[in-house]
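Shown next, in structure tokens, is the structure this report addresses.
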There are 2 protein chains.
Amino acid sequence: MSTRTAGRRRAEDRSSHQARFASCPTNRLLDRIGDKWVALLLKELAEGPRRYSDLARTIAGASQKMLTQTLRHLERDGLVSRTITAAVPPRVDYALTPLGQSLLPVLRTVTQWAERHIEEIDTAHDAYDRRLPPDAGSPG
Amino acid sequence: MSTRTAGRRRAEDRSSHQARFASCPTNRLLDRIGDKWVALLLKELAEGPRRYSDLARTIAGASQKMLTQTLRHLERDGLVSRTITAAVPPRVDYALTPLGQSLLPVLRTVTQWAERHIEEIDTAHDAYDRRLPPDAGSPG
DNA sequence: CCGGATCCAATGCGATACTG
DNA sequence: CAGTATCGCATTGGATCCGG
């Protein structure tokens, strides 16, 4: 005779789990490096410090907004440093911090796995998609 | 005197980069494991096959929709297998494929880095946030 | 040259209802 | 038990304009 429906109770469960979820280091990290431009940005900065305009050219796919926003997040996480040279014209250099550099091997691990197994994934996609339309197959 | 503005040209640059971005194995993988529930799901399946309802209980934070959707994505990627036992009551078991298992070490790498450096990140957050309100400091 | 502010479209995700 | 379908809200990402 609970006044809470199963759905309601489930929602309460969820809200309590959300906090744990958000505070899980792994999820926090994945949330960051899952950001659309983070991997590319780190990869570029891995080769050395870059000016903002350099990054804008190299990561040409990103809008100014996303570039700046992503850099801010990374800076806030202590992964990149931002150095302002107050001059005319203004100049801002970004570089990996030691913490950011320590993340590079992790990214390389991800990249290696991805490159080594991407074909298997594509094959799996192919197989999965082929058997989905049930009106075409089912040959006797 | 091009008829295209700089912004327009930039947009064209971007669209051509989008394809390369989307087809980059690393980004594809990050896009997948960056999905909100993928890490938790793989972690749970790492310990052995699980029924749908088991997963729903363990990953209590996820809605049915997200659970199913995420499992479908993982299945399509060939990372998990889905086994239907046509009986009453219906029963569906999910398990990691060999491909999925090969991904576990990668996830462990991510997790280890995250857990080892999460404090540095928190410290960085703290420092970053503390110096943002510029109206308080600047002591002479 | 660097980036903040704002408006807008696309998508992600959750709640709910319904099916086999 | 194990989904599928639809709706609505919140977030994400992009275009553009404006300021230091």
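Because only heavy atoms are used, hydrogens play no part in the values below, and waters and symmetry mates are left out as well, while side chains stay in.
Taking side-chain N and O atoms only, Lys65(B) has no distance below 4.0 Å to OP1 or OP2 of dT16(C). For Arg51(A), no side-chain nitrogen or oxygen approaches OP1 or OP2 of dC1(C) to under 4.0 Å. At the phosphate of dT12(D), neither OP1 nor OP2 sits under 4.0 Å from any side-chain N or O atom of Trp37(A). Close to dA2(D), at under 4.0 Å from its OP1 or OP2, lies a side-chain N or O of Ser53(B). The phosphate of dT4(D) (OP1 or OP2) has a side-chain N or O of Arg72(B) nearer than 4.0 angstrom. For Tyr94(A), a side-chain nitrogen or oxygen approaches OP1 or OP2 of dG3(C) to under 4.0 Å.
Note: CG (Asn27(A)) to P (dG12(C)) measures 18 Å, nearest angstrom. Spacing between atom CZ of Arg57(A) and atom P of dC1(C) amounts to 9 Å, rounded to whole angstrom units. Per the geometry, CG belonging to Leu67(A) stands 11 Å off P belonging to dG4(C), to the nearest Å. What separates CG of Asp93(B) from P of dG3(D) is a distance of 10 Å, to the nearest Å. Whole-Å rounding puts the Gln69(B) CD to dA2(D) P distance at 19 Å. What separates CZ of Phe21(A) from P of dG12(C) is a distance of 15 Å, to the nearest Å. Here the P atom of nucleotide dT11(C) and the NZ atom of Lys36(A) are 10 Å apart, to the nearest Å. Between Leu71(B) atom CG and dG3(D) atom P there is a gap of 8 Å when expressed in whole angstrom units.
Closest of all the heavy-atom pairs between Tyr52(B) and Gln64(B) is OH-O, 3.6 Å.
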Decide side chain to side chain contact (heavy atoms under 4.5 Å, CB included) for Glu44(B) and Leu55(B); before the verdict, give the C-alpha distance in whole Å, the side-chain angles of both, and the deciding distance to 0.1 Å. CA-CA 8 Å; Glu44(B) 178 65 16; Leu55(B) 293 173; 3.7 Å; yes
Let's go through Gln112(B) and Val106(A) carefully: what are the C-alpha distance in whole Å and the side-chain angles of both, what is the deciding distance for side chain to side chain contact (heavy atoms under 4.5 Å, CB included) to 0.1 Å, and is it a yes or a no? CA-CA 9 Å; Gln112(B) 284 180 18; Val106(A) 178; over 6 Å; no
Would His117(A) and Leu99(B) count as a side chain to side chain contact (heavy atoms under 4.5 Å, CB included) here? Give the steps. CA-CA 8 Å; His117(A) 296 283; Leu99(B) 185 60; 3.5 Å; yes
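Taking the nucleotide of DNA chain C with the nearest heavy atom to each of Thr68(A) and Met66(B), the more 5' of the two is matched to Thr68(A). When each of Gly34(A) and Pro90(A) is assigned the nucleotide of DNA chain D bearing its nearest heavy atom, the one mapping closer to the 5' terminus is Gly34(A).
At a cut-off of 3.5 Å, with distance as the only test, no side-chain donor of Thr97(A) or Ser81(A) sits close to an acceptor on the other residue.
Among the nucleotides dG14(D), dC13(C), dG3(D), the one closest to the side chain of Val92(B) is dG3(D). Side chain of Ser63(A), nearest nucleotide from dC2(C), dG3(D), dG14(D): dG14(D). Among the nucleotides dG3(D), dC13(C), dG20(D), the one closest to any side-chain atom of Gln64(B) is dG3(D).
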